Amino acid sequence: MKNKIQNLTQRATENAYKNGLFPFSDFPEIEVEEPKNNAQGDYSTNIAMKMAKIQKMAPHKIAEAIVSAIEDPEKILEKCEIAGPGFINFFIRNESWYPFLKNIHEKGKAYGSSNIGLCKKLQVEFVSANPTGPLHVGHGRGAAVGDSVANILSFCGYDVQREYYINDSGRQIRTLGLSVFLRYQELFGEPVAFPEDCYQGDYIRDIAIALQKNHGRELLFQKKEEAIDRCAKYAAEIILDGIKTDLIDFHVTFDKWYSEQSLFDSKKVETIIREFKDKKIIYEKDGANWFKTSDYGDEKDRVVIRENGLTTYFAADIAYHKDKFLRGFNRVIDVWGADHHGYIPRIAASVEASGYKKDQFHVILVQLVNLLRGGEPVAMSTRSGEFVTLKEVVDEVGSDAARFIFLTRHYESPLDFDLELAAKKTNENPVYYVQYVHARISSIGRKAAEEKKINVMDWDENVIHLLQEPEEIQLIQQMVKYPETVNSSAETLEPHRITFYLMNLASSFHAYYNKHKVLSENKDLTEARLYLIVAVKIVIQSGLALLGVSAPDKM
RNA sequence: GCGCCUGUAGCUCAGAUGGAUAGAGCAACGGACUUCUAAUCCGUAGGUCAGGGGUUCGAAUCCCUUCAGGCGUGCCA
C-alpha cells in the first residue's frame, strides 16, 4: 500500500511537471510515512516541503499542484488533503484494504517473508560460551537474540547458518583441567590448595566424581600434565553436552559447532600468520609478533604470538574469521557480550587484512542482564561460582517467557530480568498477552466449527465487504505493516521490533474482541470476521515463531 | 586520560533513514464479567526527551559541549 501511494505521488509529480506547473524537473525521492494521528490520513508525504527550495515555490502551492495531478485508476483513495506546512495526507477507502487481507490468507505461513536476502550465504555466530561452565542468563539473552536474528534473516531470504564457536584450546581449558584434577585429588583425601583463579563452582566437583567413577584412581599415577590434559578433555565434553542440552531446552539449535582446536590442528592459524608475515602485516617487536591492526583503524597493534611462543586467542580468531569467508559466507554476524566491544576493531581489521570488506562483518553487542527476584537483585558472581544458570531460569519461568522478555529490549540496553515477574501469568507479563491472542482465536475457531458449523472461510468479496468497523480496518492496516516490520528488523538486525509489533497487534485485537462479537446470528458477518481474525492468528503465529516463542491453542 | 554504550512519564522501555499535538506497558485512580477464555477491555492522570549551544522551513533524532551511569582500554578470554 505504501508503495502504491509512493508510485501514485511520483506519477502525479511528473504529470504536474508535464502540465507546466513546475519550473524544474529535479525531484527528490518521495518519502511516504504513516502519521500517528488518524486525522492526518492513513499515509502522508512531505514531498512538497522537500521540493520547495528546488522549485522556489511555496510548499502549499506545490502540494496543490501535485494533488491536482493525481490519478487513481485503482480507486484506492477516499480523499486527499493538504495540511499543516504542506503535507499531503492520503485517506484510503476501506475496500482498498481487503485485497491485503486476502493476501495474508493466500500466503499463509509465508506472509511477511521476502527475498531481500537474495539467497546470499550468511552466518550468525552466537553464544560461543567457553565450555568451562554452564550457560548463565547472559548467555541466554545472547542465545535468544542470535537465534531470533537468524530466524528473521532466514525468513527474509538469506541462506543462514547458525554456528557456535567452541573455545576448546588455550589457557582457560587448561585451567578447567587443573580445577577438575585438583578436585579429583581431593576425592582421594589428598590435601590440595585450590587456587582462586580456578573454577569454583560445584559442577567441577561433580565432574571429578564422575571421573572417579569411570576411571578410578588411575589418573593419580599419570604425569601431572597428562592428567590435567585428560581432565580438561573429559570435563569440556561433559560441560559442552550440558550446554547443548540447555540450548535445546531453550529451543535453540545450531547447524555447526566449530572447534577452535581444529584451527590449530589443520594449521589454519599457522598459515594465516605466515601469510601476514610475508605481507608485513605481522612484525616482530620485543620478542613477540604483532599484527598491525592500527593500519586498519584499531587504536594500537595487537599481539598474536606471545614472547613465550604461544599464540593469543586473537590469532585463532583471525584464522577463524577468514575461514568463515572461505566457507562462502558473504556476510558474517557475530553476537557478543557487550564487555567484548573493545575487540571489534581488531577483528574488523583482520577481516579487512584477509581481503574482505568491513561491512561484510557485523557484531551485535548484547548488554548485560541484571537478574532480579521481586525487585531485589540476585547475587551473581562467576568467581565464587554463584550464578544463576540459564537452565534454572528456564526451569523456573519457562522458555517462552524467558525468550520473549530477552527480546523486549533493544539488545544494546541493559536488561532487568525479574524472575518473579517472568513467572507471573498476569498482564504484567507481555508474553501471555500476545500468546493469549492466539489462544483466543483458536478457541473462537473451535466454537465456530462446533456451534456454527463454519470451518474454512473462502474469499468472498461480498462477505468481506461487511468488515466496516474502524477496529477491523485498523487490524488489517496493522497486518499490512507486518512485512515491513520484518524487513526493517532484518536490515537493522533488531528482533525487538517484532516483539513490539506483536504487542501492538495483540492490543488491537484484544480491544476489537471486547468491542465486537465474532460469532453472531448473522452468518455472513460471522464468516467475514472469522476471515479477519484467522489472518491475525497467522500473523501472530508467524511473529512468535521468529522470536522462537510458541503459539498455544489453549491457555 | 582516551574510546564505546546509555540518559525519554513515578518504574521498565519503544520511537531506522530529521516531520505535524513525543508513544506503550507496569504502578496510581475510576469503571466493564448471566457474554466467542477477565491471562482481557474502557476511561482519568502523568513530560523542560539529562543541561546548554548550533545546523534548518522543522530536532528526542544530526553536530559541538557539559553533567550522570555502565563497559572497555592485557603478550587474558
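What you see is a predicted model; the values in this text were computed from it and never measured. Proteins get letters first, then strands, A, B, ... in listed order; numbering begins at 1 in each.
Nucleic acid contact class of A/E33 (heavy atoms, under 4.0 Å, all strands): sugar-phosphate only. Residue contacts for A/D298: at a heavy-atom cut-off of 4.0 Å it reaches no nucleic acid atom on any strand shown. Contact annotation for A/D286: base contact, defined as any heavy-atom pair under 4.0 Å involving a base atom. Among the heavy atoms of the strands lying under 4.0 Å from A/N46 is at least one base atom, whether or not backbone atoms are also near. Across all strands shown, A/A511 has heavy atoms under 4.0 Å from sugar-phosphate atoms exclusively, and none from any base. No engagement by A/S520 is indicated, since no non-hydrogen atom pair under 4.0 Å with the nucleic acid exists. In this structure, A/A448 reaches neither bases nor backbone, as no heavy-atom distance under 4.0 Å exists between it and the strands shown.
With hydrogens and angles left out, the side-chain atoms of A/N487 and A/S114 include a donor and acceptor closer than 3.5 Å.
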Can you name the atoms? Protein N/O to nucleotides 33-36 of chain B N/O, anything below 3.5 Å, with the distance.
residue	atom	partner	partner atom	Å
B/C36	O2	A/V518	N	3.3
B/C36	O2	A/L519	N	3.0
B/C36	N3	A/V518	N	3.0
B/C36	N4	A/Y513	O	2.4
B/C36	N4	A/H516	O	2.7

Could you list all N or O pairs between the protein and nucleotides 69-73 of chain B that sit under 3.5 Å apart?
residue	atom	partner	partner atom	Å
B/C71	O2	A/H341	NE2	3.1

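Remark: A/S399 engages A/H251 in a side chain to side chain donor-acceptor pair (under 3.5 Å) (not counting sequence neighbours). Judged as a salt bridge (charged side-chain N to carboxylate O under 4.0 Å, His left out), and not counting sequence neighbours, A/K517 has no contacts. Taking the side chain to side chain contact (heavy atoms under 4.5 Å, CB included) definition, one finds that A/S443 meets it with A/R446, sequence neighbours left out. Checked against salt bridge (charged side-chain N to carboxylate O under 4.0 Å, His left out), A/R174 has the following partners two or more places apart in sequence or in another chain: A/E225. Scanning for ring-ring contact (aromatic ring centres under 6.0 Å, His included) contacts around A/H516 gives A/Y512, with sequence neighbours left out. For A/A535, the side chain to side chain contact (heavy atoms under 4.5 Å, CB included) partners are A/L101, A/I104, A/H105, A/M479, not counting sequence neighbours. With sequence neighbours left out, A/A63 forms a side chain to side chain contact (heavy atoms under 4.5 Å, CB included) with A/A48, A/I82, A/I88.
Searching all strands for a Watson-Crick or G-U wobble partner of B/U40 with both distances below 3.5 Å returns B/A32. Pairing of B/C67, defined by two Watson-Crick or G-U wobble distances under 3.5 Å, is identified with B/G7. Applying the Watson-Crick and G-U wobble criteria (two distances, each under 3.5 Å), B/C2 pairs with B/G72. Pair assignment for B/U55: none, as no Watson-Crick or G-U wobble contacts are both less than 3.5 Å.
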Checklist outcome for this item: Protein-proximity profile, nucleotides 8-15 of chain B, B/S/- by nucleotide at the 4.0 Å heavy-atom cutoff, equals ----SSSS
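A stacked arrangement is assigned to A/F87 and the six-membered base ring of B/A20, with a centre-to-centre distance below 5.5 Å and an interplanar angle below 30°.
Seen from the ring of A/Y513, A/R440 counts as a face-on cation partner, given the 6.0 Å and 45° thresholds.
Spacing between B/C5 and B/G15 at atom P, rounded to whole Å, works out to 16 Å. Here, B/U55 and B/U61 have their P atoms 15 Å apart, quoted to the whole Å. Distance noted for atom P between B/A20 and B/U12: 27 Å (whole Å).
The aromatic rings of A/Y165 and A/Y313 sit perpendicular to each other, their planes meeting at more than 60°, with 30° as the lower class boundary.
Projected onto RNA chain B by closest heavy-atom contact, A/Q172 and A/T492 fall at different nucleotides, the more 5' of which corresponds to A/T492.
Checking B/A77, B/C76, B/C41 against the side-chain heavy atoms of A/R171 singles out B/C76 as nearest.
The salt bridge (Lys or Arg N to Asp or Glu O under 4.0 Å) pairs that include a residue from residues 300-320 of chain A are A/D298-A/R302, where partners are two or more places apart or lie in different chains. Within the structure, salt bridge (Lys or Arg N to Asp or Glu O under 4.0 Å) pairs that include any residue of residues 496-511 of chain A comprise A/E494-A/R497 (at least two apart or interchain).
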